[in-house]
Every structure is written in C-alpha cells, then in structure tokens.
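Below is one structure; the comments refer to it alone.
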Amino acid sequence: MKTLTIVLTDGPYISEYAEIACKLAETALKQYQVNIFLYLDAVHIPKGGQNPSFFTNAGELFSGLAEKGAVIRACARCAAARGYFPEEEIGGSNCRDYFPGIKITSLYELSEMLTKSDRVISLSR
Amino acid sequence: MKTLTIVLTDGPYISEYAEIACKLAETALKQYQVNIFLYLDAVHIPKGGQNPSFFTNAGELFSGLAEKGAVIRACARCAAARGYFPEEEIGGSNCRDYFPGIKITSLYELSEMLTKSDRVISLSR
Amino acid sequence: MKQEQCDVFLLTKPPSSPRSDLCLKLAVRSGNARLYLAGDGVYHLLAGIEELPGCKIFACQEDLEARAIRGKEKVTVPENFYAALIEDVMEQCERAYTF
Amino acid sequence: MKQEQCDVFLLTKPPSSPRSDLCLKLAVRSGNARLYLAGDGVYHLLAGIEELPGCKIFACQEDLEARAIRGKEKVTVPENFYAALIEDVMEQCERAYTF
Amino acid sequence: MKSVFYLLDTAPYSSEKAFGALNAAAVSLNGMNVTLGLYGDGVYLAAAGQDSRKLGVPNLADILYAYGELKVIVHEPSLVERDLLGETLIETLELTDEEDFFEAIEGSDCLILL
Amino acid sequence: MKSVFYLLDTAPYSSEKAFGALNAAAVSLNGMNVTLGLYGDGVYLAAAGQDSRKLGVPNLADILYAYGELKVIVHEPSLVERDLLGETLIETLELTDEEDFFEAIEGSDCLILL
C-alpha cells in the first residue's frame with residue numbers, strides 16, 4: 001500500500017490548512033496509508049475541548065482521521081513549548097490534553113514518515 | 001494616567017510578536033496604564049505549562065505583566081474555539097488553563113479598551 | 001485512466017504570494033503540469049492562469065463558490081476535487097508539489 | 001525633550017512585505033516621521049531606508065545583532081530602543097502606527 | 001480614541017483574519033467611529049456573490065451586509081492589481097483611490113492591522 | 001523517499017519557521033539526502049556574524065555551522081533583490097542561480113515548505 005505524508009505547521013481556525021489537510025487525508029485513507037506530522041503551531045490542532053461556534057471542530061476531525069487509520073504525530077519540542085506533554089498512553093494518545101489517537105513523538109518521527117512515504121504534501125501559511 | 005492598548009493575534013513562539021509586545025508593555029508600565037487584548041491565535045499565549053527549551057516562556061512573561069498591573073484579556077470566541085473557557089475566578093484568572101492574572105472576556109472588551117486608550121499598537125504577522 | 005507522465009501542483013496561495021510565483025515557474029518548467037487550485041489559489045483564475053503554457057488547470061468548486069470566482073472554459077472543476085487530486089498525486093504524476 | 005510634532009512608525013516587517021510598502025508610503029506622506037525598526041524591520045537598512053525623505057530612522061540594537069545588520073551613520077541605535085519608542089509614542093507624536 | 005481604522009490586508013476564507021476584522025469592527029461600532037479598509041489581498045472580500053455553504057464557514061459578505069452602518073472602503077489600486085475591477089462587487093462598499101484611502105487612515109485616531 | 005528539499009522562504013528570528021526548518025532538515029540527515037534551500041526572505045539566514053544573545057533566542061547561523069554535512073543552497077536572485085550580495089555571507093553556503101536552484105528542487109523526491 002502506498003503512503004502519503006502530510007506536514008502541517010498552522011494551528012486550527014487561523015488558517016484553513018487543517019481543514020484542507022483533513023479533506024486530503026479523508027480521501028487518501030480510502031486507498032492509502034496516511035501519516036500526518038503536526039509541526040510548530042499545528043501541535044494545537046488535537047487539543048481537546050475546542051468549541052468553535054462557526055467552524056468545524058478541528059480536533060474532532062483529526063481524531064476521526066486517526067480512527068480511520070491515519071497515523072498522526074505531533075513534534076515533542078513544539079508541543080512542550082506550547083504546554084502539551086507526553087505521559088502514559090490512554091485511548092491511543094499519550095497526551096491528556098489531546099483528542100484520542102494522536103501522539104506526541106520526537107521530530108525523528110517526521111524523518112521516519114518521509115522515508116516510508118511515496119508522496120509528501122506540506123501545507124502552511 | 002495615559003493608557004496604551006496592545007492588540008495581538010499571533011500565538012507564542014511561531015512569531016516574535018508576543019516577546020516584542022512584552023518589551024513594549026514592560027517599558028510602558030513604568031509610567032502608563034497598559035491593556036493587552038489577545039485575539040485569534042494570541043489566546044494561546046497565556047496557556048499554562050509551556051516549556052520552551054530554547055525560548056522565553058511567553059505565558060510567564062504575560063503573567064508577569066499582569067502582576068505589574070497590565071490588564072490582559074482574551075477574546076471569548078477565539079478562546080472557546082481553541083478549547084479555553086471562562087469559569088469561576090481563581091488567582092485573577094477565570095480560565096483554569098491560563099496563567100494567573102489573565103481573563104477571558106467578550107470581544108466588546110476590545111472596544112472598551114480602545115475607547116479608553118491614548119495609543120493603540122497592533123502586532124501581527 | 002492512462003496518461004502521459006505529468007507533474008502535479010497544488011496551489012492554495014493567492015497571486016500576490018511569492019509562493020505562487022515559485023509554483024508557476026516550476027509548473028511552466030515542467031511542461032506537463034496539472035495545476036490544482038484550492039483555497040486562495042482559485043483567485044489565479046482572475047488573472048488568466050488558464051493561458052499558462054503546458055498547464056492543465058483544475059479548481060475546487062467550494063472554494064470558487066465561497067470566493068465568488070467563476071469557472072472558465074479551459075478550467076476543469078471536478079465533481080470531487082480532492083478525489084481527483086489524490087488520484088493524480090498518488091498514481092498518475094511523476095512529481096507532486098504543494099504551495 | 002521638546003520637539004516639533006511628528007508621527008511615529010514601528011516597522012517590524014522586512015522590505016518584501018506589502019505592509020512595509022504601506023508603512024513607508026504613510027511615513028513619507030507624514031513629512032516628519034520617526035521610523036522605529038525592530039524585528040525584520042532592520043533589514044530595511046540594507047536597502048538604504050535612511051535616505052527616505054522626512055524620516056528619522058531608529059533601529060533596535062539586539063535585532064541588528066541577531067540579524068548581522070550593521071548600523072549606519074544616519075541611523076540612531078538607542079541604548080534603550082523600547083524606552084525611546086514608548087516615550088515617542090506616548091508623549092511626543094501626533095500619530096502612532098505599527099506595521 | 002474616538003475613531004478606529006481596521007485595515008484588512010488578507011483574503012477572506014483562507015484565514016480567520018477577515019472574520020476577526022469584521023467582528024472587531026462590528027463591536028467597535030458601539031461608541032466609536034469605525035472604518036474598515038480593504039487593502040491588498042483584503043479587497044477580495046469585495047467580490048459579490050460569495051456562497052460559503054459548501055465550505056462550511058461563515059459567509060463573510062453576509063456579515064458585511066449585516067453591519068450596514070459599518071463604513072467599508074476599498075483601496076482601488078489593490079482591486080486593479082488583482083483583476084477584480086471588472087468583476088461584480090458588493091454594492092454597499094465604497095471604492096477609494098490611494099489618496100482618499102490614506103486620508104481615511106490618517107483621519108482616524110488609530111490603525112489596527114490583524 | 002530518498003531525498004527531501006526543505007525550502008525556507010521566511011526570515012530568521014521573526015518566526016519559528018527558520019528554526020523549525022533547520023531542525024527538520026537536521027533530523028532528516030539520518031537516512032535521507034537533504035537539501036535546505038534558502039529562497040525569498042529565507043536568504044537573510046545567510047548573513048555572516050549573527051549574534052542572537054541579546055535577543056535571547058537560538059543563534060540560527062550556529063545551527064547551520066553545527067550541521068556541516070547539511071547541504072544548504074542559496075537562491076542568488078533573492079540575495080540580489082534584498083541587497084545582500086555585497087554583505088559578508090556564511091562561507092559554507094552555496095550560492096546558486098535560479099536554474100540550479102530549481103534543478104535541485106526537481107531533483108529531490110519531495111519539497112517541504114514550512
């Protein structure tokens with residue numbers, strides 16, 4: 001099975017890239033392995049408790065992607081800077097502030113993802 | 001006493017505006033009233049638990065400003081979208097995820113701040 | 001859906017962005033580019049991007065509608081933009097770029 | 001420190017930014033502008049911004065050093081950039097703008 | 001401050017900034033003289049016929065209509081650069097040349113860019 | 001993927017993107033052929049003599065030196081546009097014209113912009 005990796009750097013709402021990434025991943029998941037690496041501000045995307053009155057909940061969207069098999073990882077340095085930390089794993093996540101299915105990992109995971117990918121898409125402002 | 005209001009829209013670390021705002025506010029507080037309104041991604045600035053290994057902790061900087069008298073408020077809609085909610089007030093904050101001294105308020109507070117200001121500085125990418 | 005080898009470009013930036021310039025330069029160099037416009041990328045239709053040599057243009061319906069930009073004769077608006085894009089990116093193209 | 005009425009501009013964007021253009025246009029219109037360069041704003045020194053008519057230029061020392069940009073004869077590098085800026089913004093100027 | 005000029009220089013929909021600028025301008029109407037200036041990529045907000053239902057986000061043109069008392073001016077050179085001058089534009093907006101646009105900025109007590 | 005081209009088109013220090021691009025390029029050295037391309041405002045990273053101590057942030061030039069095995073190319077037309085060509089530049093970087101820069105992008109298995 002071919003693999004697509006998506007690299008994101010923007011947080012939710014401020015730009016539309018979380019939503020575009022979600023549409024790409026949703027489509028690709030029907031046939032392919034999908035990895036998503038959350039870098040810089042994108043580590044805010046899986047934060048629990050989002051309640052955007054006028055937009056679609058980005059955390060739920062990404063949690064849904066993880067449920068469908070997407071491997072979603074957040075950069076540990078970027079996450080720690082912004083107050084998200086890895087702890088013991090519950091519900092497929094190792095961060096209590098994150099939606100299920102999304103883990104904090106080292107930046108080396110990005111390199112691993114790229115090595116195993118057939119295509120890479122990066123989206124950023 | 002004259003009043004300076006600073007409007008921010010970027011989150012911490014991704015841009016240097018939180019730090020520049022802090023330098024401006026720190027200086028202005030010696031003589032003036034300082035208001036800071038956190039809008040859009042800037043509502044991430046007061047998040048607790050930030051641990052940026054290579055940068056200065058933005059949450060601590062802003063909490064320090066509040067301690068010195070700066071009035072720092074975050075937009076309720078932007079905060080809710082990103083998972084921050086007002087609850088009962090503890091330590092000068094009404095959000096359990098925020099550093100002390102920084103409150104979530106309605107966007108109307110921005111208008112109030114502007115009306116009462118002698119100068120306004122907005123910083124954004 | 002066999003086709004000759006092409007390069008795919010996903011462009012989400014408006015014409016004013018330096019990233020748009022870079023994207024279009026690479027697309028013209030490709031000689032056989034499939035340029036997918038989403039987000040603010042659809043604003044390139046105002047500037048006549050469909051005349052770019054060697055580029056076949058696709059635009060995203062919902063982004064066109066939100067931004068009130070009309071499609072054009074030489075521009076394909078797929079029923080499912082992201083399905084068409086993913087198929088091209090994963091199966092059809094030699095190189096894939098995102099701007 | 002009495003001085004004639006001026007306008008203050010804080011510019012933190014590099015020359016490529018459209019906001020820099022807007023800032024410099026307004027500064028030239030002012031006729032008596034005090035232009036404070038911080039952050040990427042200090043890159044304007046490479047392009048000779050100190051020759052802009054009617055503009056007095058100030059630059060932030062720590063931003064110059066980080067970016068390896070040298071000061072210039074006509075450019076003031078205050079010992080305390082933010083103190084000078086706040087004094088100008090709060091007490092001296094007629095209008096204050098940030099870009 | 002008795003007046004505020006919000007300058008929007010980013011395109012609608014791709015970022016929250018246009019939505020944020022509209023909301024901020026709207027709340028400021030309460031007690032201040034407010035101008036929203038569309039400049040650079042911000043002028044894309046002037047296009048008539050926006051329909052964001054399929055995108056699932058607020059229709060920003062509808063918000064403009066909803067605050068009819070908000071003064072919105074459009075920097076005409078930015079429209080020209082973006083090939084928008086020949087398109088149908090929202091009729092409640094006021095096209096201004098660069099001189100008038102700058103005078104509106106200079107005539108306001110403060111300028112806010114998001 | 002056996003090779004990756006990271007394109008940095010934002011200036012250092014004002015944003016985390018330069019720091020992020022350097023770190024991402026550095027970890028990718030482990031098993032991939034990596035090129036970091038400085039383009040547009042990204043070429044400001046090429047200036048020699050950066051000293052960020054007073055700013056209290058990492059010295060990005062030092063990170064470049066620390067990863068000597070990282071191939072860094074600089075888009076010369078961007079340097080010229082920014083009046084940087086006459087300045088002292090970090091000597092380990094390779095200046096390339098537009099043709100060579102684009103060929104380096106096209107010769108990589110993927111292009112990542114942060």
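We name chains A, B, ... by the order of the sequence lines, and we start the count at 1 in each one.
The part of Leu110(B) that comes within reach of chain E is its side chain, from C-beta onward, which places non-hydrogen atoms under 4.5 angstrom from that chain. Using a 4.5 Å cut-off between heavy atoms, Asn23(E) touches chain B through backbone and side chain atoms alike. Proximity to chain B is absent for every atom of Leu29(E), based on heavy atoms less than 4.5 angstrom apart. If you measure heavy-atom distances from Ser111(B) to chain E, the contacts under 4.5 Å come from both the backbone and the side chain. For chain B, no part of Lys2(E) is nearby; none of its heavy atoms comes within less than 4.5 Å.
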Please test Arg82(E) against Asp41(E) for salt bridge (Lys or Arg N to Asp or Glu O under 4.0 Å), starting from the C-alpha separation and ending with a verdict.
CA-CA 8 Å; Arg82(E) 283 159 188 78; Asp41(E) 284 342; 2.8 Å; yes

Between Glu16(B) and Arg125(B), is a salt bridge (Lys or Arg N to Asp or Glu O under 4.0 Å) present by the stated rule, with each step listed?
CA-CA 9 Å; Glu16(B) 62 178 347; Arg125(B) 268 195 286 172; over 6 Å; no

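The closest side-chain heavy-atom distance from Gln50(E) to Tyr13(E) is below 4.5 Å.
Heavy-atom pairs under 4.5 Å with chain E were tallied for Asp118(B), Thr5(B), Leu107(B), Thr9(B); the largest tally goes to Leu107(B). Between chain B and the residues Gly20(E), Ala26(E), Gly31(E), the largest count of heavy-atom pairs under 4.5 Å involves Gly20(E).
In this pair, His75(E) and Phe101(E) present their aromatic rings perpendicular. The plane angle is above 60°, beyond the 30 to 60° band.
For OH of Tyr67(E), the number of neighbouring non-hydrogen atoms (other residues, nucleotides, ligands) closer than 6.0 Å is 12 at most.
With Asp109(E) contributing its side chain and Ser3(E) its backbone, the two residues share a donor-acceptor pair below 3.5 Å.
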